[in-house]
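Report on the structure given below.
Index from 1, following the sequence.
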Amino acid sequence: MTALLSRTGARVERLPLSRFTTLGVGGEAEVWFVESHEQLAEAMEQPYRILGGGSNLVIADEGVPERVIRLSGPLAERDLTPDPALSDDTWVVTGWVGGGVPLPGLIRQLQKLGLSGLEGTVGIPAQVGGAVWMNAGTRYGEMFDGLHTLEIVTPEGTRQVTPDDLNWGYRDSGIPRNHIVTRVRLRLRRAAPEDVLAKMDFADQARKGQPKMKTPGCAFKNPGGVSAGKLIDEAGLKGSRVGNALIAPEHANFIVNLGGASAADVHALLALIRDRVPVPMELEYELWPAPGNA
């Protein structure tokens, strides 16, 4: 399909969603590339979904019927200049960072600037908006460790909130599903760049045993502090395969695409895990569409 422009100038194109996900599966949808709040408001006039870095996401082979929104242009730019009214010798509050900014590049830039607080998110293949929405992180830190202000667009309009306004927690921001994180301001501690790098390297060591193939990340949240990967491994499922989807030999809480896997293959492995692991586990992946929905 040839790209079209909406009435506010957003680029609209029907595309396979597999190209936007770290798993590399997913059928087609109408994708809106929005660069302004005006374009975003137009895109939200019909049923929509927001798609960032595409990690922690499994999209059906049939795609989705809703519009899929991608933040781009100014909504994918960053201003890390310290706000003089809110910064001091210890803490820095930055300008606005767009929800479409890739998180890995942002973390590298913060390190070079000597700004500490988000090292625990190193290596997460997300965009800022999606990482904030799910409070992405590792055992060494999460997105809400470094947030000052969030700009959230809702079907009713735009509002700014602070973390104290939200009921956030483990892998959860408390932001409703139909709300979009368009921009954030960061609150970070000043530090020597080499000290920030050392913290990043330490956090990154925990990822060395994770698979390097296409994957959405960890499939299940750790139930009650117990390792989901350990439970799946103890059930004898490490290395199990359906089609071209595999429970990774390196870490049993990861499902990888060996090449040409389908969403149906992944769903079959998730069902196998739930059937064989005796402890109920909450899925960390987001499924498009959700089970039971057309």
[X] side, atom [atom1]; [Y] side, atom [atom2] - distance, nearest 0.5 Å:
{"X": "Ile247", "Y": "Leu269", "atom1": "CD1", "atom2": "CG", "answer": "5.0 Å"}
{"X": "Met143", "Y": "Ile124", "atom1": "CE", "atom2": "CD1", "answer": "8.0 Å"}
{"X": "Ile175", "Y": "Met134", "atom1": "CD1", "atom2": "CE", "answer": "12.0 Å"}
{"X": "Ser116", "Y": "Leu188", "atom1": "OG", "atom2": "CG", "answer": "7.5 Å"}
{"X": "Leu80", "Y": "Leu106", "atom1": "CG", "atom2": "CG", "answer": "6.0 Å"}
{"X": "Tyr140", "Y": "Thr121", "atom1": "OH", "atom2": "OG1", "answer": "14.0 Å"}

Has [X] got a side-chain atom pairing as donor or acceptor with [Y]'s backbone, closer than 3.5 angstrom?
{"X": "Asn135", "Y": "Val132", "value": "no"}
{"X": "Ser55", "Y": "Pro216", "value": "no"}
{"X": "Ser18", "Y": "Gly24", "value": "no"}
{"X": "Thr158", "Y": "Val153", "value": "no"}
{"X": "Lys212", "Y": "Gln210", "value": "yes"}
{"X": "Gln111", "Y": "Pro193", "value": "yes"}
{"X": "Ser87", "Y": "Val93", "value": "yes"}
{"X": "Asp61", "Y": "Ala263", "value": "yes"}
{"X": "Asn222", "Y": "Ala228", "value": "yes"}
{"X": "Thr182", "Y": "Gly99", "value": "no"}

* Are Gln109 and Arg78 close enough, and set up right, to give a side chain to side chain donor-acceptor pair (under 3.5 Å), and what steps lead you there? -> CA-CA 10 Å; Gln109 188 174 3; Arg78 71 202 79 178; 3.2 Å; yes
Within 45° cone of [Y] ring axis and under 6.0 Å: [X] NZ or CZ:
{"X": "Arg70", "Y": "Phe33", "value": "no"}
{"X": "Arg11", "Y": "Trp32", "value": "no"}
{"X": "Arg187", "Y": "Trp91", "value": "yes"}

* To do: Specify the closest pair of heavy atoms between Ser173 and Leu166, including all atoms of both residues, with the distance to one decimal.
  =>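 Here Ser173 and Leu166 meet closest at O-CB, 3.5 Å.
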* If every non-hydrogen atom of Val242 is compared with every non-hydrogen atom of Asp265, which pair is closest and at what distance? ->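 The answer is O-CB, 3.3 Å.
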* **Identified side chain to side chain contact (heavy atoms under 4.5 Å, CB included) partner of Ile273 from the options Leu283, Asn253, Leu237, Leu231** =>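 The passing option is Leu237.
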* **Candidate list Thr149, Leu150, Asp145, test side chain to side chain contact (heavy atoms under 4.5 Å, CB included), partner Leu147, passing option** =>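 So the option named by the test is Leu150.
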* Decide side-chain contact (heavy atoms from CB on, under 4.5 Å) for Asp83 and Thr94; before the verdict, give the C-alpha distance in whole Å, the side-chain angles of both, and the deciding distance to 0.1 Å. => CA-CA 6 Å; Asp83 184 329; Thr94 70; over 6 Å; no
Between [Y] and [X], does any NZ, NE, NH1 or NH2 come within less than 4.0 Å of an OD or OE carboxylate oxygen?
{"X": "Arg177", "Y": "Glu286", "value": "yes"}
{"X": "Lys221", "Y": "Glu284", "value": "no"}
{"X": "Arg190", "Y": "Asp88", "value": "no"}
{"X": "Glu30", "Y": "Arg14", "value": "no"}

* Asked: Do Ile232 and Leu23 belong together in a cluster built from hydrophobic side chains that touch within less than 4.5 Å?
  ->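 Yes, because Ile232 and Leu23 connect within a single hydrophobic cluster, where side-chain heavy atoms sit under 4.5 Å apart.
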* Asked: Are Leu71 and Val97 co-members of a hydrophobic cluster defined by side-chain heavy atoms under 4.5 Å apart?
  ->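 Different clusters.
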Taking the side chain as every heavy atom from C-beta outward, state whether [X] and [Y] have any atom pair closer than 4.5 Å.
{"X": "Val92", "Y": "Pro82", "result": "yes"}
{"X": "Leu15", "Y": "Val68", "result": "no"}
{"X": "Leu270", "Y": "Ile255", "result": "yes"}

* Assess whether side chain to side chain donor-acceptor pair (under 3.5 Å) is satisfied between Thr162 and Asp164, documenting all intermediate values. => CA-CA 5 Å; Thr162 70; Asp164 290 342; 4.7 Å; no
* Asked: Do the rings of Phe144 and Trp168 sit parallel, tilted or perpendicular, given the 30° and 60° boundaries?
  ->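 Phe144 vs Trp168 ring planes: parallel.
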* To do: Please report the C-alpha distance between Thr8 and Gln39 in whole Å, then the side-chain angles of each, then the deciding distance to 0.1 Å, and finally whether the side chain to side chain donor-acceptor pair (under 3.5 Å) criterion is met.
  => CA-CA 6 Å; Thr8 58; Gln39 293 178 5; 5.0 Å; no
* Asked: Should Glu45 and Arg7 be marked as a salt bridge (Lys or Arg N to Asp or Glu O under 4.0 Å) after you check the CA-CA gap, both sets of side-chain angles, and the distance that decides it?
  -> CA-CA 12 Å; Glu45 290 174 355; Arg7 69 173 187 271; 2.4 Å; yes
* Mind running side chain to side chain donor-acceptor pair (under 3.5 Å) on His37 and Glu151 for me, showing each step along the way? => CA-CA 11 Å; His37 288 75; Glu151 180 184 83; 2.7 Å; yes
